[in-house]
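Throughout, a chain's letter reflects where its sequence line sits, starting with A, and its residues are numbered from 1.
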2 protein chains.
Amino acid sequence: MPTRTAAQRREEARRRYDAYVATCPSRQLLDALSDKWVSLVLTALARGSLRYSELARTIAGVSQKMLTQTLRTMERDGLVSRTVTPSVPVRVDYRLTPLGENLMPLMEAIKNWAEIHMEDVEAAREAYDRRPAAAP
Amino acid sequence: MPTRTAAQRREEARRRYDAYVATCPSRQLLDALSDKWVSLVLTALARGSLRYSELARTIAGVSQKMLTQTLRTMERDGLVSRTVTPSVPVRVDYRLTPLGENLMPLMEAIKNWAEIHMEDVEAAREAYDRRPAAAP
DNA sequence: CGGCATCCCACATGATACTG
DNA sequence: CAGTATCATGTGGGATGCCG
């Protein structure tokens, strides 16, 4: 049972944290969330837990090193949980924590936006690149 | 007048673009949106246009180089527009395009999430760092 | 004021090889 | 299978200086 309502908590957070301030922890958290791989890992786990190798296959092009590193950071930040089954060979499953499930829809929205508006962005780029340069 | 409804368009985009595929343009767009500065610029312009120097002051800690570079990329991608007033000294204003206004709330949600859940993340980090290491 | 050009380096990331 | 360790490298990003 929380001692604060969601609205109260939101207000307190706004007073305490401001991502526009370079030294604010929330700014560093925003930087961490603005990672190339975090959004993909988060959305990949949307429908339940996945094994390490399943994650690697889902997120094409990610290196072992970056996947492991991203998962470790996300685990430390409380976004994913890691479960080791000591079989032979060992089996490791990752799933979203409640905190990760809370963030996931926001990241999914960004990912969907990128897919849905890709054509608009490509059109904007072509228009920009067609602009005449200033005359000498 | 669009020839497709929003729902139709969404379905087409899902068929055509998949950010999980490394070579898909939408993956590269997602990478671009997952930039350290894009979310801050986008939300800074939420309430209207700002001059270059106002942006620089709002987003503490950003260097001239990175701010300019971020704004150029966002301009090319059709997210912001740039207006030069040829006074002396010159005045340059940036504002969100309709496309940028469409994306902004999603980025603002991420930024707010970081501010609101900072305490949860810090608690998770402390718990993680307190974990006992495996015995030798 | 609002840039762009240049230099430079730390660090993030990729590739490869090895292991419990 | 799921990593860790090591080495190589590309580039993000800061500092500085000049310009319209």
- Note on the structure: Ordered by number, residues from residues 18-53 of chain A within less than 4.0 Å of DNA chain D (heavy atoms) are R51(A), Y52(A), S53(A)

- Message: Quick one, R27(B) with D18(B), criterion salt bridge (Lys or Arg N to Asp or Glu O under 4.0 Å). Give me CA distance, side-chain angles, the key distance, then yes/no.
- Response: CA-CA 7 Å; R27(B) 165 72 156 271; D18(B) 180 359; over 6 Å; no

- Query: Hey, mind stepping through M118(B) and S26(A) against side chain to side chain contact (heavy atoms under 4.5 Å, CB included) and telling me if it holds?
  - Reply: CA-CA 6 Å; M118(B) 192 63 237; S26(A) 71; 4.2 Å; yes

- Query: If you look at every strand shown and take non-hydrogen atoms under 4.0 Å, does V92(A) touch a base, only sugar-phosphate, or nothing?
  - Reply: sugar-phosphate

- Does the side chain of Y52(A) pick up a donor-acceptor pair with the side chain of T68(A) at under 3.5 Å? yes

- Mind checking salt bridge (Lys or Arg N to Asp or Glu O under 4.0 Å) for D93(B) and listing every partner two or more places apart, or none if nothing turns up? R91(B)

- Geometric cation-pi criterion R125(A) and Y128(A), 6.0 Å radius, 45° cone: no

- Query: Per the side chain to side chain donor-acceptor pair (under 3.5 Å) rule, which among R16(A), R15(A), R14(A) passes with E12(A)?
  - Reply: R16(A)

- Which residue lies more 5' along DNA chain D, comparing R91(A) with P89(B) via nearest heavy atoms: R91(A)

- Can you find a side chain N or O atom of Y94(A) that sits less than 4.0 Å from OP1 or OP2 on dC1(D)? no

- Message: Hydrogens and angles aside, do T43(B) and Y20(A) bring a side-chain donor and acceptor to less than 3.5 Å of each other?
- Response: yes

- Is it true that a side-chain atom of T97(B) and a backbone atom of G78(B) form a donor plus acceptor pair closer than 3.5 Å? yes

- Item | Within residues 58-72 of chain B: residues closer than 4.0 Å to DNA chain D (heavy atoms) | S63(B), K65(B), M66(B)

- Message: Check the phosphate of dG3(D) against R82(A), side-chain N and O only, distance under 4.0 Å to OP1 or OP2. Yes or no?
- Response: yes

